[in-house]
Visitor: 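Mind looking over this structure? Questions follow.
Chain identifiers are assigned alphabetically (A, B, ...) following the order of the sequence lines, protein sequences preceding nucleic acid strands; residue numbering begins at 1 within each chain.
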Amino acid sequence: MALLELRNIVRSFGDFAAVDGVSMMIESGEFFTLLGPSGCGKTTLLRMIAGFDAPQSGEILLDGKDLVATPPEKRPIHTVFQSYALFPHMTVAQNIAFPLRMRKIGKAEINERVKEALDDVRLSDRGGRFPGELSGGQRQRVALARALVSRPRLLLLDEPLAALDMKLREQMQLELINLQKEVGITFIYVTHDQTEALALSHRIAVMNGGKVEQLDEPSKIYDCPRNRFVADFIGTCNLIEAKVTVAGEEKMVLEIDGLGEVTARNPGGELTGSKGVLALRPEKIKIGQQIALESGENRFRGKVHDFLYMGDVTVYIVEVGEGVHIEALLPNSAAGRPRIFAAGDPVEISWRYDAGVFLND
Amino acid sequence: MTRNIGKWLISGPPVFYLAVFFVIPTFIMVLASFRHAGEFGGLAPIFLHDVRGAHLNLTLESYREYFSDFIYSRLFIKTLIYALVTTFFCLVTAYPLALLIAGSEKRHRDLLVLLVILPFWSNFLIRIYAWMIILGPQSALSVGLNGFLGMFGIEPVGLLFTPFAVVLCLIYVQLPFMVLPLYANLEKHDPALLDAAQDLGANSWQRFWRITFPLSLPGVYAGIALVFIPVLGIFAVPDILGGTGGIMIGNLIKQEFLEARDWPFGSALSIILTLGALCIVGVAAMVAGRTVKNDA
């Protein structure tokens, strides 16, 4: 049985359906992420799991028991808030002791567990400080320790890294992964940052407009987006309008206006004549002055329309055919050569047929 | 250099104002408390030329009088009790009210605060006289209460001209001074803290007692100071509603200046009251400071 099961959750505010029929199962020990743009319903869903909001219909089952009537303070679920919500009038140790004190646990045990929790987040020497005296990263760790100290069944994290700068965020991501492995508690993580979601999660639910667009492992979400929204939202993706002319079992031939015929992977069940887009990741496209054509590859001639030097890679926007722009990445692996091509240079691009996937509208 | 001039231009007038109308009068009062009363009221000359030659004409007579008769200290203690009772009831009445206002929708808050300060728009004395009517023997309150007591065979009671009337009116008069600092504090609380406390297992009582109340302590202290200290010196309310038994130390000070025309003794009483209030507030602040540190 799944640890947490959501069955057809609906929550609307007036005419606006914030969460519109969401169902999912979250397994014990999982690092699960709700990913989506702001207003997609992910925070509303999280608040309903925590108990601060109730669905208008649907069920929230924890270990098979419906939680909807249980108030937040009685749920074995804790939240790490975006603002951390540390109690400013209590020391770090008192903040961490709070959930234990609410459970009427003995003083000696509280002291021991607070000490352990402080060790876990490497803040043993900060127990006597007030939250106002800590840095952002330290506050973040106190919030984590406070939410984990009473060993909840489920930990909800509401964009916990949004307030940190990029360097610190990367470091905290690694810490989060290790912490989750160590404590073995199921995490539900809410974020609008797709790189964060890909880096942290075992599974991701991509949400949009109150619905789940795709629920899968990070690599599946990235490589096999199920629809246009997911392909566009996760990473960068070339989305080129296309029509199916020949639909094979595994391969298909697409007709693209101004470019011609392209071979692509059939995600399954697509029929001749369907309209949609070809989704093509920039890093899967080869770019060069002249490229030898290998079997199963698409190759086109074009010229560099524009380029962006990013340091580790250079992004080339290549114009192929008439008015079709395709973005391709070239790693800057050779030293001392910031760019290989300049705007206007004639180039060839190619990609294996299975790098591109057809997404039906 | 120019910055210094700017600073003085801004802070000069208030400093001057306080020096002229606060520091100097306080000094005059302290000096007056050590002088002799004039023959027809006022103060006797501070320098005397008599058989002993020219000398300062100062005395501790006023302080000796205060400490030689316990009646004055008793009045001081009674005043303290009135002030404490008033402060306590103001706090327990104002706190829920301030919570309610701070917790209501933003667009209603200003209106509710306006209602709290609305009484200030009518004259202080008129509002106290209104209580004479509310508490008078023919008032609905008195008639109703005495009718109720009569059912149990209890003698009718008078409400007006009693300590009860004085304290009731003091609470009414001082209530806004408790509500406003409490509201100003509670309104700033981050609602996420209460969500976090609930999320971590705190029920509504624990959320109030562990989060809201400790965070509101600065507002509580400000309210207590704003209610307690003015009540110590008030005289209009006991004058009008207290009758003969309801007088407070403020009435005595007023009498010494206006009726007994014993300015030195009136000054001495004022100085003792001020020092007493300072001591109490100082001790309270120390205790409060310690509990805040221990609790937080």
Side-chain angles (χ1 to χ4, degrees), chain A residues 43 46-47 49-53 70-105 128-133 139 142-152 154-160 163, chain B residues 91 94-95 98-99 102-108 181-225 284-296:
Chain A
T43 298
L46 199 75
R47 285 181 69 80
I49 299 171
F52 293 117
D53 201 351
T70 313
E73 64 265 34
K74 298 260 168 62
R75 297 187 186 194
I77 297 172
H78 288 174
T79 310
V80 174
F81 292 85
Q82 189 172 3
S83 62
Y84 313 145
L86 298 178
F87 306 130
H89 59 299
M90 298 183 195
T91 60
V92 167
Q94 284 165 336
N95 262 284
I96 297 174
F98 189 84
L100 300 173
R101 285 174 77 181
M102 294 302 107
R103 269 167 194 71
K104 307 264 188 292
I105 289 169
R129 296 292 186 88
F130 287 92
E133 301 169 322
R139 273 182 234 171
V142 176
L144 276 167
R146 185 179 69 173
L148 287 170
V149 71
S150 61
R151 294 171 200 137
L154 195 57
L155 186 73
L156 311 178
L157 301 107
D158 184 10
E159 309 228 8
Chain B
L91 182 61
Y95 206 107
L99 264 184
S104 59
E105 273 182 67
K106 231 184 170 89
R107 61 205 163 97
H108 295 148
L182 278 177
Y183 164 73
N185 175 288
L186 290 170
E187 187 236 9
K188 285 185 303 205
H189 287 199
D190 178 3
L193 294 181
L194 290 180
D195 277 357
Q198 187 176 16
D199 187 75
L200 295 167
N203 60 34
S204 54
W205 172 247
Q206 287 167 323
R207 292 200 291 279
F208 173 76
W209 201 235
R210 301 250 177 229
I211 310 296
T212 306
F213 186 71
L215 285 175
S216 72
L217 281 178
V220 171
Y221 296 147
I224 287 176
M286 261 169 57
V287 172
R290 194 167 304 151
T291 52
V292 166
K293 253 191 208 130
N294 283 348
D295 251 22

Visitor: Test B:Leu200 against every option in A:His78, A:Met102, A:Glu73 by the side-chain contact (heavy atoms from CB on, under 4.5 Å) rule and name the one that passes.
Guide: A:His78

Visitor: Write down the atom of A:Ala85, the atom of B:Ala192, and the distance for their closest heavy-atom approach.
Guide: CB-O, 3.7 Å

Visitor: Tell me which pairs pass salt bridge (charged side-chain N to carboxylate O under 4.0 Å, His left out) where either residue lies in residues 77-93 of chain A, with sequence neighbours left out.
Guide: none

Visitor: Under the 3.5 angstrom rule, does the side chain of A:His89 hit a backbone N or O of B:Ser216 as a donor-acceptor pair?
Guide: no

Visitor: Is it the side chain or the backbone of A:Arg146 that comes within 4.5 Å of chain B heavy atoms, both, or neither?
Guide: both

Visitor: Is chain B contacted by the side chain of A:Ser150, its backbone, both, or neither, given a heavy-atom distance below 4.5 Å?
Guide: neither

Visitor: Kindly give the heavy-atom pair with the smallest separation between A:Leu86 and B:Leu193, and that separation in Å.
Guide: O-CD2, 3.2 Å

Visitor: Sorted by first residue and then second, give each salt bridge (charged side-chain N to carboxylate O under 4.0 Å, His left out) pair with at least one member in residues 190-200 of chain B; sequence neighbours left out.
Guide: A:Arg47-B:Asp195

Visitor: Go through the atoms of A:Ile77 and report whether side chain, backbone, both or neither lie under 4.5 Å from a heavy atom of chain B.
Guide: backbone

Visitor: Do the side chains of B:Asn203 and A:Lys74 get nearer than 4.5 Å, heavy atoms only?
Guide: no

Visitor: Does any backbone or side-chain atom of A:Leu100 lie under 4.5 Å from a heavy atom of chain B? Answer side chain, backbone, both or neither.
Guide: neither

Visitor: Side chain from CB out, backbone as N, CA, C, O: work out which of these in B:Arg210 comes under 4.5 Å of a heavy atom of chain A, or both, or neither.
Guide: both

Visitor: For B:Gln206, which atoms come within 4.5 Å of any heavy atom of chain A: side chain, backbone, both, or neither?
Guide: side chain

Visitor: Would you find more than 12 non-hydrogen atoms of other residues, nucleotides or ligands less than 6.0 Å from A:Arg151 atom CZ?
Guide: no

Visitor: Please find the pair of heavy atoms, one from A:Phe81 and one from B:Ala196, that lie closest to each other, and give the distance.
Guide: CE1-CA, 3.4 Å

